[in-house]
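Read through the structure below, which is laid out as structure tokens, and then see the notes.
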Amino acid sequence: MAGSESRIKVKRDGSIIEVSFRDRNILDEANIQQIEEEIRAIIDTEEQPRLLINFTDVDHLSSAALGKLITIHNRIRNGKKGQLRLCNIDPQILQVFVITKLNKLFEIHEDAEKARASFK
Amino acid sequence: MTPINSRSEIDRVEAAVLAALDRFAYPEASRFAIRLALEEGLVNAFLHGHRGLPPEEPVEVSFRVGPSSATISISDQGPGYNPGSVPDPTAEENIELPSGRGLMLIRSFMSEVRHEKNGACLIMRYDRPPPDAA
């Protein structure tokens, strides 16, 4: 990962860390791996991370990316007792979450404002 | 059959399939479904089908796009597997597992999915929905 361009954009709003993506298509295995490593590095610096992943402008997402989201979810919730929210998911991608029933695992909000307001 | 064994070749095949869909003006929902199935099928072929094989071993892809349906065939060089043995990723005990969703998504988005060569060849067909359902 060292020396490669970051695949995510990070914004802090108080205690909430908001992550969005530089790519419209999150399909490439190497990119997905890098995204997970970058997010994990952020989580690991926080005691109880409050992470908002914003999918604005993301058009495609593979099951490998879903797998990494689950890994991040497990790390935040089980390992750190933190909170994770997802927002701005394109309706077609949301269908992928519904088919795989991951809409029940993740807390998904329509937009960033509603997601931010949902943190406890 | 086009042999591919790198990410850039996967991207090239995906672009060729999408261009063929555009020639017949398939709606966005169809492009999304077919692209997702193609991506998942190729990733499965490389990650699972070719596990233990040299990285230069190619996966073979062919596709045929017509006005009312698109058919894609993905054939790997591995020993195959039993598609019926893939655990249900939506079962409560599997929901937090990070893998095992690709085949389910392919089955959900495509109209027909068949396996040949003992599971090493995936053949999937997408039927274009009627205009009022698109």
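Lettering of chains follows the sequences in order, A, B, ..., and the numbering in each one begins at 1.
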Checklist entry - Can you tell which of A:Leu69, A:Leu66, A:Leu102 has the highest number of heavy-atom pairs within less than 4.5 Å of chain B? => result A:Leu102
Checklist entry - Is it true that B:Val13 and B:Phe24 fall in one hydrophobic cluster, defined by side-chain heavy atoms closer than 4.5 Å? => result yes
Item to check | A:Ile42 with A:Ile26, same ILVMFWY side-chain cluster at under 4.5 Å | outcome: yes
Checklist entry - Would B:Met124 end up clustered with B:Val59 when hydrophobic side chains under 4.5 Å apart are linked, directly or stepwise? => result yes
Next on the checklist: With a 4.5 angstrom heavy-atom cut-off, is it the side chain or the backbone of A:Ile99 that approaches chain B, or both, or neither?
Outcome noted: both
Item to check | Atom group of B:Phe109 that falls short of 4.5 Å from chain A, counting heavy atoms | outcome: side chain
Next on the checklist: With a 4.5 Å cut-off on side-chain heavy-atom distances among I, L, V, M, F, W and Y, is there a chain of contacts connecting B:Val61 to B:Leu18?
Outcome noted: yes
May I have a table of the donor-acceptor pairs connecting chain B and chain A at distances under 3.5 Å?
| residue | atom | partner | partner atom | Å |
| --- | --- | --- | --- | --- |
| B:Glu40 | OE1 | A:Ser63 | OG | 2.5 |
| B:Glu40 | OE2 | A:Ser63 | N | 2.6 |
| B:Glu40 | OE2 | A:Ser63 | OG | 3.3 |
| B:Glu96 | O | A:Asn74 | ND2 | 3.4 |
| B:Glu96 | OE2 | A:Arg77 | NH2 | 3.1 |

Next on the checklist: My understanding is that a hydrophobic cluster links ILVMFWY residues whose side chain heavy atoms are under 4.5 Å apart, including indirect links. Using that, what else belongs to the cluster containing A:Leu27?
Outcome noted: none
Item to check | Residue B:Ile10 versus chain A: region with a heavy atom under 4.5 Å | outcome: neither
Checklist entry - Is there a path from A:Phe21 to A:Ile16 through hydrophobic residues (I, L, V, M, F, W, Y) whose side chains come within less than 4.5 Å of each other? => result no
